[in-house]
Each structure stands twice: as C-alpha cells, then as structure tokens.
Amino acid sequence: MDQRRAKGLVGQLMELALGADAGNKDQPDFLGLDVELKTIPLRRDGRPKESTYVCSISLPKMADREWEDSIVWRKLKRVCFVPIESERAIPLPDRRVGGGFIWSPTDDEVAALRADWERLAAMIARGQIDEITAHLGDVLQVRPKAPNAAAKRMTLDTDGAPRWANPRGFYLRARFTEQIVARALA
DNA sequence: GGCTGATCATTA
DNA sequence: TAATGATCAGCC
C-alpha cells in the first residue's frame, strides 16, 4: 500500500472503531465525554516517530482568547491516546495497536503548554504570524497545515485589516508525547 | 536521527 | 471548500 496516500487513514479507522462522534468539527472527538482521540505512531523502540497534530489555528480568534478558552486546552485537558506501530515497512493491516489510555496533563505539563501557547498567541495577536516557525515552543509548536505551500487563507490583522497567511496548526513535540507514553507504561 | 516545512485522503 | 485525520521528505 502506498503510505503516502493513506496519511489520515489510521486515525479515521480508530475513530470508527471506537465510536467517536464529532466528525470533522472543531470539538473533542467524543462529544458526550469531552475526550479527544489521538493516535501516536511508534517506532520499533517504542518511541514516538512523529509529532502529534492537535488542531488548526484560527488566526483572528487567537488575539482575544484566553488559554482556558483556547481550542488547544479544550482538546488537551483530556485525551485518549492510542499507540500504533508505525514502521514504514509494515503494511497497514499488520500493524499492532497498543493499549489506549486516558491522559490528562500534570500541573507541570499544563504550565509548559500554557507558556508556549501564550507566547505564540501573543505573536499572532501582534501580527507576527509569518515570523512563527516550528522552532518556537518547548512542547507545543506551530507548523504549516495546508494542502500545499501556496495555499493562503484570508485572516484579519489586529487592526482589522485583511491579510493573507499560510494556514497553521498546533502540534505536540515528539519529546513531549514520549514522556506521556513512558509514564502511561510505567 | 531529529526536526521542520510540505503534503495527501476523506468527509460534511 | 475547508476542516478533520496525520505522515512524508529533505535538510541539519
């Protein structure tokens, strides 16, 4: 199977298998439980292979939104993580699924997430969206999230002036999810 | 190997 | 069309 053409398939199969019901809305996957479902790709050594996508960014809404009301926090305060074997050489049907577990960030993790989020939100609010790179953030990072690099979406400046920007999304660094998985297995 | 920026399938 | 689900590919 061509893995290049099956990127989101694993996640969607899990949603189907576990009965997630939010569809492609900007809300937690399990509406009644307020729990977000995420798969984590693991290599043979049991460490995460990739960073984990959290959500897309609504540029205009970042400016006057507090951390407690942010989409990132709403999604991350309770997550059902499901580790999945993801070596590129293993065919999709042969991949093993690990035991899923419900996770909530510890106080330290919340503090780290919040610090990164507030710094990034401040940059967005100041109209520095094009200066944000994936280098920023200790645990949370901002990366392109678009069909291709040429895609632009209309957004609003802090002054209310329209401008074009590349769509972005929030991601959890692999080092962060590695700690989560390690703690869950301990 | 780790990280960053780019890209792909499917659905409402 | 735009949002969801992530992984790919190349530079360091």
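A, B, ... follow the sequence lines: proteins, then strands. Residue 1 opens every chain.
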Which part of the nucleic acid, if any, lies within contact of [X], taking any heavy atom under 4.0 Å across all strands shown: a base, the sugar-phosphate backbone alone, or nothing?
X: A:Gly8; value: base
X: A:Ala174; value: nothing
X: A:Pro41; value: sugar-phosphate

Rounded interatomic separation in angstrom, taking [atom1] from [X] and [atom2] from [N]:
X: A:Arg4; N: B:dT7; atom1: CZ; atom2: P; value: 13 Å
X: A:Ile40; N: C:dG5; atom1: CD1; atom2: P; value: 14 Å
X: A:Phe81; N: C:dA6; atom1: CZ; atom2: P; value: 10 Å
X: A:Tyr171; N: B:dG5; atom1: OH; atom2: P; value: 11 Å
X: A:Leu31; N: B:dA12; atom1: CG; atom2: C1'; value: 14 Å
X: A:Arg88; N: C:dA6; atom1: CZ; atom2: P; value: 17 Å
X: A:Met14; N: C:dG5; atom1: CE; atom2: P; value: 14 Å
X: A:Glu50; N: B:dG1; atom1: CD; atom2: C1'; value: 12 Å

Considering only [options], which nucleotide approaches the side chain of [X] most closely?
X: A:Arg175; options: C:dA9, B:dT4, B:dC3; answer: B:dC3
X: A:His135; options: C:dC8, B:dG5, B:dG2; answer: B:dG5
X: A:Thr133; options: B:dC8, B:dG5, B:dA6; answer: B:dG5
X: A:Arg143; options: B:dG2, B:dC3, C:dT7; answer: C:dT7
X: A:Arg173; options: B:dG5, C:dG5, B:dC3; answer: B:dC3

For [N], take OP1 and OP2 only and decide whether either is under 4.0 Å from a side-chain N or O of [X].
X: A:Ser51; N: B:dC3; answer: no
X: A:Lys38; N: C:dA6; answer: yes
X: A:Arg168; N: B:dG5; answer: no
X: A:Arg43; N: B:dG2; answer: yes

Run the salt-bridge test on A:Glu50 and A:Arg43 with the 4.0 Å N-O cut-off and return the result as yes or no. no
Could you tell me whether A:Lys38 and A:Glu15 make a salt bridge, using a distance below 4.0 angstrom between a side-chain N and a carboxylate O? no
Please work out whether the ring planes of A:Phe176 and A:Trp103 are parallel, tilted or perpendicular, with thresholds of 30° and 60°. perpendicular
Are more than 12 heavy atoms from other residues, nucleotides or ligands located less than 6.0 Å from atom [atom1] of [X]?
X: A:Glu66; atom1: CD; value: no
X: A:Asn148; atom1: CG; value: yes
X: A:Arg119; atom1: CZ; value: no

Pairwise 5' ranking along DNA chain B for A:Asn148 and A:Leu136, keeping only the more 5' one: A:Leu136
For A:Glu85 and A:Arg95, which heavy atoms make the closest approach, and how far apart are they? O-CD, 2.9 Å
What N/O pairs connect the protein and nucleotides 1-4 of chain C at under 3.5 Å? Give each pair on its own line.
from, atom 1, to, atom 2, distance (Å)
C:dA3, OP1, A:Arg153, NH1, 3.0
C:dA3, OP2, A:Arg153, NH1, 2.4
C:dA3, N3, A:Asn24, ND2, 3.3
C:dT4, OP1, A:Asp26, OD1, 3.3
C:dT4, OP2, A:Ser56, OG, 2.8
C:dT4, O4, A:Lys145, NZ, 3.4

Pair A:Arg143-A:Ser51, side-chain donor/acceptor within less than 3.5 Å: yes
Report yes if a donor N or O on one partner sits less than 3.5 Å from an acceptor N or O on the other, where the partners are the side chain of A:Gln141 and the base of B:dC3; otherwise report no. no
